[in-house]
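Okay, structure first, notes after.
Note: hydrogens, waters and symmetry copies are ignored here, and every other heavy atom, side chains too, is used.
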Amino acid sequence: LARLQEVFLTCLGRSRIELLEVIRILGPFPNVKNILQGNSKVGSMEGDASSWEITMDSMVDGTGKEILAGTDDNIRRVPLHVYFADEKAIVAVVPGEDGALRRDPLEDDGANVLVFIREDKLDEKLDALRVS
């Protein structure tokens with residue numbers, strides 16, 4: 001069994017992004033770091049939020065092997081609504097099933113809210129998670 005422990009978002013520039021997934025494997029096994037790579041596109045305002053789409057087109061798995069999406073069917077698109085963003089934090093909400101803004105972004109005890117907080121010492125954080 002495995003559990004997603006941490007996610008780190010890195011904005012590389014020119015709309016290119018990386019998501020680092022730290023996955024904890026239950027038992028006497030080391031943690032695994034996957035690197036998802038793709039693009040990001042900020043769209044128009046919808047009510048109180050801006051639309052933001054993250055498109056993942058490749059992954060470097062825990063063994064260092066790069067896996068390309070290959071076909072359009074394998075590209076992962078993640079639509080989000082951004083309610084707040086500055087140089088220190090991004091607060092985004094996963095849209096409802098119909099893609100629309102959620103009436104209450106904090107419904108289901110905030111299960112649909114993503115908060116990305118600036119991590120100035122990412123290497124130290126990854127060392128502490130044993131996945132550097």
Side chains of L126 and V22, heavy atoms from C-beta outward: is any pair under 4.5 Å?
yes
Criterion side-chain contact (heavy atoms from CB on, under 4.5 Å) on T55 and K41, from CA distance to verdict
CA-CA 8 Å; T55 304; K41 180 180 176 185; over 6 Å; no
So, do R24 and R130 sit near enough that their side-chain heavy atoms are less than 4.5 Å apart?
yes
Residue pair M45 / S50: nearest heavy atoms and the distance that separates them
SD-OG, 3.1 Å
Given the rule that I, L, V, M, F, W and Y join up when any side-chain heavy atoms are under 4.5 Å apart, are V131 and L26 in one cluster?
no
Between N34 (side chain only) and G62 (backbone N and O only), is there a donor and an acceptor less than 3.5 Å apart?
yes
What's the separation between atom CG in N31 and atom CD in E21, rounded to the nearest 0.5 Å?
13.0 Å
Any salt bridge (Lys or Arg N to Asp or Glu O under 4.0 Å) involving residues 67-96? Give me the pairs, sequence neighbours left out, ordered by first then second residue.
D72-R77
Output the distance between atom CG (L19) and atom CZ (F116), rounded to the nearest 0.5 Å.
6.0 Å
Report yes or no: does D109 contribute a side-chain atom to a donor-acceptor pair with the main-chain N or O of A111 at less than 3.5 Å?
no
Tell me, do E66 and S58 make a side-chain contact under 4.5 Å, heavy atoms counted?
yes
Rounded at 0.5 Å granularity, tell me how far CZ in F8 sits from CD1 in I117.
11.0 Å
Are M59 and I25 joined in one hydrophobic group, where the rule is that I, L, V, M, F, W and Y side chains link up if heavy atoms are under 4.5 Å apart?
yes
Grouping I, L, V, M, F, W and Y whenever their side-chain heavy atoms are under 4.5 Å apart, do L129 and I35 come out in a common cluster?
yes
Going through the distances and angles, do R16 and N39 end up as a side-chain contact (heavy atoms from CB on, under 4.5 Å)?
CA-CA 5 Å; R16 207 63 194 152; N39 293 306; 3.4 Å; yes
Between L12 and E18, what is the shortest heavy-atom contact and its length?
CD1-CG, 3.7 Å
Out of curiosity, L20 CG to L9 CG, how far, rounded to the nearest 0.5 Å?
9.0 Å
Please, which pairs that meet salt bridge (Lys or Arg N to Asp or Glu O under 4.0 Å) have at least one residue in residues 1-14, sequence neighbours excluded?
none
Only one of P79, P105, S51 passes side-chain contact (heavy atoms from CB on, under 4.5 Å) with P95, and that residue is P79
Taking the side chain as everything from C-beta on, heavy atoms only, tell me whether M56 gets closer than 4.5 Å to I17.
yes
So L80 and V94, do their side chains get closer than 4.5 Å, heavy atoms only?
yes
Same cluster or not: L114 versus V93, using hydrophobic residues (I, L, V, M, F, W, Y) connected whenever any side-chain heavy atoms lie under 4.5 Å apart?
no
Closest approach of H81 to A49 (non-hydrogen atoms, all atoms of both residues)
CB-CB, 3.8 Å
Separation of R102 CZ from N112 CG (nearest 0.5 Å)
3.5 Å
Counting only heavy atoms from other residues, nucleotides and ligands, does the tally under 6.0 Å from CG of D48 exceed 12?
no
Starting from L4, can I reach V115 by hopping between I/L/V/M/F/W/Y residues whose side chains sit under 4.5 Å apart?
no
Rounded to the nearest 0.5 Å, what's the gap from CG on D57 to CD1 on I67? Could you check?
13.0 Å
